[in-house]
Chemist: 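Handing you a structure now.
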Amino acid sequence: MADAFLSFAVQKLGDFLIQKVSLRKSLRDEIRWLINELLFIRSFLRDAEQKQCGDQRVQQWVFEINSIANDAVAILETYSFEAGKGASRLKACACICRKEKKFYNVAEEIQSLKQRIMDISRKRETYGITNINYNSGERPSNQVTTLRRTTSYVDEQDYIFVGFQDVVQTLLAQLLKAEPRRSVLSIYGMGGLGKTTLARKLYTSPDILNSFPTRAWICVSQEYNTMDLLRTIIKSIQGCAKETLDLLEKMAEIDLENHLRDLLKECKYLVVVDDVWQREAWESLKRAFPDGKNGSRVIITTRKEDVAERVDHRGFVHKLRFLSQEESWDLFRRKLLDVRAMVPEMESLAKDMVEKCRGLPLAIVVLSGLLSHKKGLNQWQKVKDHLWKNIKEDKSIEISNILSLSYNDLSTALKQCFLYFGIFPEDQVVKADDIIRLWMAEGFIPRGEERMEDVADGFLNELIRRSLVQVAKTFWEKVTDCRVHDLLRDLAIQKALEVNFFDVYGPRSHSISSLCIRHGIHSEGERYLSSLDLSNLKLRSIMFFDPDFGKMSHINLRSEFQHLYVLYLDTNFGYVSMVPDAIGSLYHLKLLRLRGIHDIPSSIGNLKNLQTLVVVNGYTFFCQLPCKTADLINLRHLVVQYSEPLKCINKLTSLQVLDGVACDQWKDVDPVDLVNLRELSMDRIRSSYSLNNISSLKNLSTLKLICGERQSFASLEFVNCCEKLQKLWLQGRIEELPHLFSNSITMMVLSFSELTEDPMPILGRFPNLRNLKLDGAYEGKEIMCSDNSFSQLEFLHLRDLWKLERWDLGTSAMPLIKGLGIHNCPNLKEIPERMKDMELLKRNYML
């Protein structure tokens, strides 16, 4: 990981020399010296990182390298910051330190760095750290090719159920049995056995969906807040309307408890309470779950037997078993990327290693992910040799060794990307877009010919293929939500602290390292800010997840955070908050994510390095964006529901994603200069507005258009001009479906279209359509899919087609179909014979 810090520092130093062409010669020479020395030191890092586990002195040596790299970047950023404010270069380079901690004497600071580098060079010789060149085939590749999506993630979670089909049936029988009393089903077992995945399998079962009209899922974890848990259940049942959110924020715990009980008392419900660590957590919630004698159920997952046994003395308790040897081997083969490449000698090695996993699914899938990226017998033998060094007395492999080995096999860039998951709260589902944009802001994604977003998406897919990251949700065959297992998050936190990658401030840790360049605040945000040691603070990222942190004004943006690249505030500011004007002083900021913000000051126009601006306000709250937003020349992602037209939006020529724009704001835009825009999401569309200017977006690949209430689309003929459009979502009444659409479309959703003519003859001619969802889109009684239609279709979802009675399917239609979902089509009595054996898509599966 130290290699990542050095590489980043070298890149920043090099960029600095390019940008500051008039830098005085002596300072330029000093920076060149720094670059050369850091590159030289990097050649010794592999040997050092191998030795640091057994030698505290070497660990400290690596630690000091990280510190030097971070300090070098901070010094130059301070120079750029002061110069950017209008200070002359002479003043910025001369001694301007005086009494104010902000000002640096750049030359003196670099001399201090030089002295520290010479010190660690002497220590390197003392500690016997040598320059080891990577032998062929041994080095983790730093070049990660973007992995294109070729298959859906629909079955991603099913692998864990090798050998557990009987368990699913047993537990379904318990949940569905004719027992009117509200009862609790408890699943317990050690981490990595698949408790949460088993609960999710039950939760999404068609039998459960049909039997329990009201369902909710909450994750408790070790750090929990009862009021937040109650709010989460209420919102999943009642929705997130403004009135509901306002009401919930004002309620005390007893009020929330009573409100939830009132919601549930007439319902037959199923609630999953995942990852319970203490019985007290259940005790604080159970009063809100009434027993209406209607067969309601609660599922609890826990690692602790005593918790499982005591939550309901008449409930059903299931201890999740380990896999048998045969089941373990089956699971390993299913997760291996290329089983055919496994020759008999490799198979023998793999069976030895799988046997030592002792039936723990997480260990098996991570081992399979690791070996999938090792080519040939020799590399597999090296993995086995490494694992055998740490084998336990009972001849099993400690899972932490498998996880660590898989982590160590990652390239430097992928290590950083994996570690970043650890900064999020335990069990939190992370949006794929969020993590990708964070990686980009941090500089983890190499710049090259490919779009950074595509490279980052490839990195995420690589971590998923290695089973280090789990898929939580997909949409249009792409991962939209993901998570990491608790044990892997623990590994990420451990590794991060070793190299000062990040530190977390929360209920279990009320101290935080000022040497770490990233801070995650999970609770008591105001106490965190008051305890900051400003003497050695070079924070690059700060991420607030504290729901009780209510005032952004408490953050002194001017003094503490001038080096920030990332300001991520996932807190509730009450929907009336304004961002302080000092936000404009965060010169280096690349990502700004806010929640519940009403107004953003014009000083945001100073953030010339900003790549991502996201404001999460829900569907009914709008944010006021200043006209200076158009000055953000490097902005790539603008995800804000804003209330007034953003003048000169066409100046944002770097923009890749625009999400939240209303038709009122778009109608007068000339988008011809938005040459890089790939994704556009627009709502509140009216039939009186033409959308023809969208045809100017020649690189648009994803388009989502949502009509206002009781509104319809004007002409949709412009879609045919979007030659690179692949994904199209149209929500709202369509008077007439155009006969011509772009041939490039592969994914399509028609929602609330109120079509009176069968759309299948037109849609069936799309030559590349793989994924189609009709959601309340058609009001007729019959659909006809003729011969040779839908030649590439793989997934079809029919939903809320209330009048549909008949479906005719030609013999040669849909030859490649893989999945079918039919929901709320009560008059469709029969489906075509060829579709009866088709895999049914889950109700919650988004095509």
Chemist: Please report the interatomic distance CG(L362) to CG(L468), rounded to the nearest 0.5 Å.
Modeler: 9.0 Å

Chemist: Got a sec, which residues hit side-chain hydrogen bond (donor to acceptor under 3.5 Å, both in side chains) with Q792, two or more places apart in sequence or on another chain?
Modeler: none

Chemist: Can you check whether I187 reaches I300 side chain to side chain, under 4.5 Å on heavy atoms?
Modeler: no

Chemist: For F502, check ring-ring contact (aromatic ring centres under 6.0 Å, His included) against everything at least two apart and list the hits.
Modeler: none

Chemist: Is it true that E347 and K351 make a salt bridge, defined as a side-chain N closer than 4.0 Å to a carboxylate O?
Modeler: yes

Chemist: May I have the list of side-chain donor-acceptor pairs in residues 423-436 shorter than 3.5 Å, sequence neighbours left out?
Modeler:
from : atom 1 : to   : atom 2 : distance (Å)
D427 : OD2    : S221 : OG     : 2.4
K431 : NZ     : D481 : OD2    : 3.1
D434 : OD2    : Y568 : OH     : 3.2

Chemist: Ignoring hydrogens and geometry, is there a side-chain-to-backbone donor-acceptor pair from T474 to E477 under 3.5 Å?
Modeler: no

Chemist: Checking side-chain contact (heavy atoms from CB on, under 4.5 Å) for the pair M543/D570: CA distance, chi angles, key distance, verdict?
Modeler: CA-CA 8 Å; M543 302 175 71; D570 193 13; over 6 Å; no

Chemist: With a 4.5 Å cut-off on side-chain heavy atoms, are T301 and V273 touching?
Modeler: no

Chemist: Parallel under 30°, tilted from 30 to 60°, perpendicular over 60°: which one fits the rings of W217 and Y203?
Modeler: perpendicular

Chemist: Mind checking whether L491 and Y407 have side chains closer than 4.5 Å, heavy atoms only?
Modeler: yes

Chemist: Check each of I208, L202, L185, L209 against L270 using the side-chain contact (heavy atoms from CB on, under 4.5 Å) test, and report the only one that passes.
Modeler: I208

Chemist: Taking C-beta and beyond as the side chain, do L410 and L463 meet within less than 4.5 Å on heavy atoms?
Modeler: yes

Chemist: Taking salt bridge (charged side-chain N to carboxylate O under 4.0 Å, His left out) as the definition, give me every residue that meets it alongside K319, ordered by chain and number, with sequence neighbours left out.
Modeler: none

Chemist: Going by atom types alone, do S701 and E679 pair a side-chain donor with an acceptor below 3.5 Å?
Modeler: no

Chemist: Is there a side-chain contact between F421 and R489 in this structure, where contact means two heavy atoms from C-beta onward sitting under 4.5 Å apart?
Modeler: no

Chemist: How close do G359 and S328 get, heavy atom to heavy atom, and via which atoms?
Modeler: CA-OG, 3.5 Å

Chemist: Report the residue from K374, K415, H386, H373 that forms a side-chain hydrogen bond (donor to acceptor under 3.5 Å, both in side chains) with D409.
Modeler: K374

Chemist: Quick check for you: to the nearest 0.5 Å, what is the distance between L367 atom CG and L360 atom CG?
Modeler: 11.5 Å

Chemist: Mind listing the closest non-hydrogen atom pair of S467 and V366 along with its distance?
Modeler: O-CG2, 3.6 Å

Chemist: Can you tell me if D490 and Q494 form a side-chain donor-acceptor pair at under 3.5 Å?
Modeler: no

Chemist: Could you tell me whether a side-chain N or O of D454 sits under 3.5 Å from a main-chain N or O of E450, the two making a donor and an acceptor?
Modeler: no

Chemist: What distance do I517 atom CD1 and D503 atom CG have between them, rounded to the nearest 0.5 Å?
Modeler: 12.0 Å

Chemist: Between the main-chain N or O of S368 and the side-chain N or O of S372, is there a donor-acceptor pair closer than 3.5 Å?
Modeler: yes

Chemist: For a quick check under 3.5 Å, do W380 and N378 share a side-chain donor-acceptor pair by atom type?
Modeler: no

Chemist: Which heavy atom in S791 sits nearest to a heavy atom in L816, and how many Å separate them?
Modeler: O-CD1, 3.5 Å

Chemist: The criterion is salt bridge (charged side-chain N to carboxylate O under 4.0 Å, His left out); which residues satisfy it with K384, sequence neighbours excluded?
Modeler: D352

Chemist: Determine the minimum heavy-atom distance between L387 and I402, stating which atoms define it.
Modeler: CD2-CG1, 4.0 Å

Chemist: Do R518's NZ or CZ and the ring of F501 fall within the cation-pi criteria of under 6.0 Å and 45°?
Modeler: yes

Chemist: Measuring from C417:SG to F444:CZ, what's the distance to the nearest 0.5 Å?
Modeler: 6.5 Å

Chemist: Considering only heavy atoms from C-beta outward, does the side chain of F322 approach that of L193 to under 4.5 Å?
Modeler: yes

Chemist: With distance as the sole test, does T612 use its side chain to make a donor-acceptor pair with the main-chain N or O of R437 at under 3.5 Å?
Modeler: no

Chemist: Apply side-chain contact (heavy atoms from CB on, under 4.5 Å) to residues R451 and Q656 and explain how you reach the verdict.
Modeler: CA-CA 10 Å; R451 291 173 67 235; Q656 306 268 332; 2.8 Å; yes

Chemist: Would you please name every residue forming a salt bridge (charged side-chain N to carboxylate O under 4.0 Å, His left out) with R297, sequence neighbours left out?
Modeler: none

Chemist: Do you know which two heavy atoms are closest between I493 and G422, and how far apart they sit?
Modeler: CG1-O, 3.8 Å

Chemist: Salt bridge between R321 and E327, side-chain N to carboxylate O under 4.0 Å?
Modeler: yes

Chemist: Here's one to test your reading of the geometry: is the NZ or CZ of K195 within 45 degrees of the ring axis of Y188 and under 6.0 Å from its centre?
Modeler: no

Chemist: Give a yes-or-no answer on whether the side chains of H637 and E453 include a donor-acceptor pair shorter than 3.5 Å.
Modeler: yes

Chemist: Could you tell me the separation between the CG atom of L377 and the NZ atom of K382, rounded to the nearest 0.5 Å?
Modeler: 11.0 Å

Chemist: Run E326 and W329 through side-chain contact (heavy atoms from CB on, under 4.5 Å) and show every step you take.
Modeler: CA-CA 5 Å; E326 181 180 349; W329 181 245; 6.0 Å; no

Chemist: If you measure only the distance, is there a donor-acceptor pair under 3.5 Å linking the side chains of D274 and T196?
Modeler: yes

Chemist: For the pair Y420 and L438, evaluate side-chain contact (heavy atoms from CB on, under 4.5 Å) and give the outcome as yes or no after the intermediate values.
Modeler: CA-CA 9 Å; Y420 217 90; L438 284 164; 3.8 Å; yes

Chemist: Quick one, F332 and M342 - any side-chain contact, counting heavy atoms below 4.5 Å?
Modeler: yes

Chemist: Looking at C357 and I364, what are the two nearest heavy atoms and their distance?
Modeler: CB-CG1, 3.8 Å

Chemist: Are more than 12 heavy atoms, taken from residues, nucleotides or ligands other than R333, located less than 6.0 Å from that residue's CZ atom?
Modeler: no

Chemist: If you define the side chain from C-beta out and look only at heavy atoms, does anything of T746 sit under 4.5 Å from L769?
Modeler: no

Chemist: Return yes if some donor-acceptor pair links the side-chain N/O of T170 with the main-chain N/O of D166 below 3.5 Å, else return no.
Modeler: yes

Chemist: A cation-pi test, strictly: NZ or CZ of R770 under 6.0 Å from the centre of the six-membered ring of W476 and no more than 45 degrees from its axis. Yes or no?
Modeler: no

